[in-house]
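Please read the structure below before turning to the comments.
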Amino acid sequence: MPTASFERNRASQAEIISLLPALKAFSRRFERVENDADDLLQETVSKALRHLEQFQDGTSLKSWLFTIMRNTYCSSYKRRKREPVGCVGDLSECQVPVKSTQDWSLRAREVQAAIDKLGARHRDALLLVVGGTSYEEAAVICHCEVGTIKSRVNRARSHLLEILGETQFSEAASLH
């Protein structure tokens, strides 16, 4: 006869399976490459199953899984930033390709010119948020509501795309 703990784990596992589509969608917010998103999803589910006894009844399993995914992504992101990629052994033997900065410099000028064409309110809101200021802080600085700041930033982005002749944000951020 199965124990209560066994039944609880079985129910949690079934709920994890039902949450896989939501977890997959959430992983795509972190990783744009399909395989990387799948890897993040797999690692999240693996960690959740290994530590299922730590899940507290009465709390949201979905929130718990999303937290595991976010923390897993943040940990791997920090690890990737501090570890060299591609070379195992003597780093002096590695040849690091150096990309030309001219294209980026020209693109930066184009983007700056487009930003300069924005209205003052849209430009200020965009620069505050892009600079790392939270929407709430930006609203206080601009003496308006948070929703107004979000609207201004969205309109500024749309105007930038229009000025730069792009159709998507990813195109505007890339070099042609």
Practice item. Using only heavy-atom distances, determine whether the side chains of R155 and S151 contain a donor-acceptor pair under 3.5 Å. Key: yes

Review point. Taking all non-hydrogen atoms of both residues, which atom of A37 and which atom of S27 are closest, and how far apart?
Key: O-OG, 3.4 Å

Check your understanding: Can a donor-acceptor pair be found between the side chains of R79 and S75 at a distance below 3.5 Å?
Key -> no

Exercise for review: Would you mind telling me which of T148, L128, V153 makes a side chain to side chain contact (heavy atoms under 4.5 Å, CB included) with Y135?
Suggested key: V153

**Study point:** Flag side-chain contact, heavy atom, 4.5 Å: L41 against M69
**Key:** yes

**Study point:** Residue pair D36 / L40, side-chain heavy-atom distance below 4.5 Å
**Key:** no

Check your understanding: If two hydrophobic side chains count as joined below 4.5 Å and joins carry through other members, does I68 share a cluster with L49?
Key -> yes

Check your understanding: So do K24 and E34 actually touch side chain to side chain, heavy atoms under 4.5 Å?
Key -> yes

Revision key, fill the gap. Rounding to 0.5 Å, atoms OG (S63) and CG (L19) come to a distance of 10.0 Å

Check your understanding: Rounded to the nearest 0.5 Å, what separation is found between the CG atom of L118 and the CD1 atom of I163?
Key -> 5.0 Å

Check your understanding: Is the CZ atom of R123 crowded by more than 12 outside heavy atoms at less than 6.0 Å?
Key -> yes

Check your understanding: Salt bridge or not for E145 and K150, using N-O below 4.0 Å?
Key -> no

**Study point:** Residue pair R28 / V33: nearest heavy atoms and the distance that separates them
**Key:** NH1-C, 3.7 Å

Review point. Given the rule in the side chain to side chain donor-acceptor pair (under 3.5 Å) test, do D38 and Q42 qualify, once you have shown the distances and angles that lead to the verdict?
Key: CA-CA 6 Å; D38 289 342; Q42 181 178 355; over 6 Å; no

**Study point:** Any side-chain heavy-atom pair of C144 and R152 under 4.5 Å
**Key:** yes

Study note, to complete from the structure: Closest heavy-atom pair, F66 versus F26, reported as atoms and distance to 0.1 Å, is O-CE2, 3.7 Å

**Study point:** Closest non-hydrogen atom pair, L126 against A156
**Key:** CB-CB, 3.9 Å

Check your understanding: Are there more than 12 heavy atoms of other residues, nucleotides or ligands under 6.0 Å from atom CD of E136?
Key -> yes

**Study point:** I149 side chain reached by C142 side chain, heavy atoms, under 4.5 Å
**Key:** yes

Review point. Under 4.5 Å between any side-chain heavy atoms of T67 and R70, yes or no?
Key: yes

Check your understanding: Taking atom CD of Q13 and atom CD1 of I16, what is their separation to the nearest 0.5 Å?
Key -> 6.5 Å

Review point. About how many Å separate OG of S46 and NE2 of H51, when rounded to the nearest 0.5 Å?
Key: 8.0 Å

Review point. Under a single-linkage definition using a 4.5 Å side-chain heavy-atom cutoff for Ile, Leu, Val, Met, Phe, Trp and Tyr, are V111 and V130 assigned to the same hydrophobic cluster?
Key: yes

**Study point:** Residue K47 excluded, over 12 heavy atoms near NZ under 6.0 Å
**Key:** yes

Exercise for review: Measure the spacing between SG of C74 and NZ of K78 and express it to the nearest 0.5 Å.
Suggested key: 6.0 Å

Review point. With a 4.5 Å heavy-atom cut-off, do T59 and W64 have their side chains touching?
Key: no

Practice item. Report yes if some heavy atom in the side chain of V45 is under 4.5 Å from a heavy atom in the side chain of L20; otherwise report no. Key: yes

Review point. Can you name the nearest heavy-atom pair linking I115 to L160, along with the distance?
Key: N-CD2, 3.6 Å

Check your understanding: So how far is it from L65 CG to S12 OG, rounded to the nearest 0.5 Å?
Key -> 9.5 Å

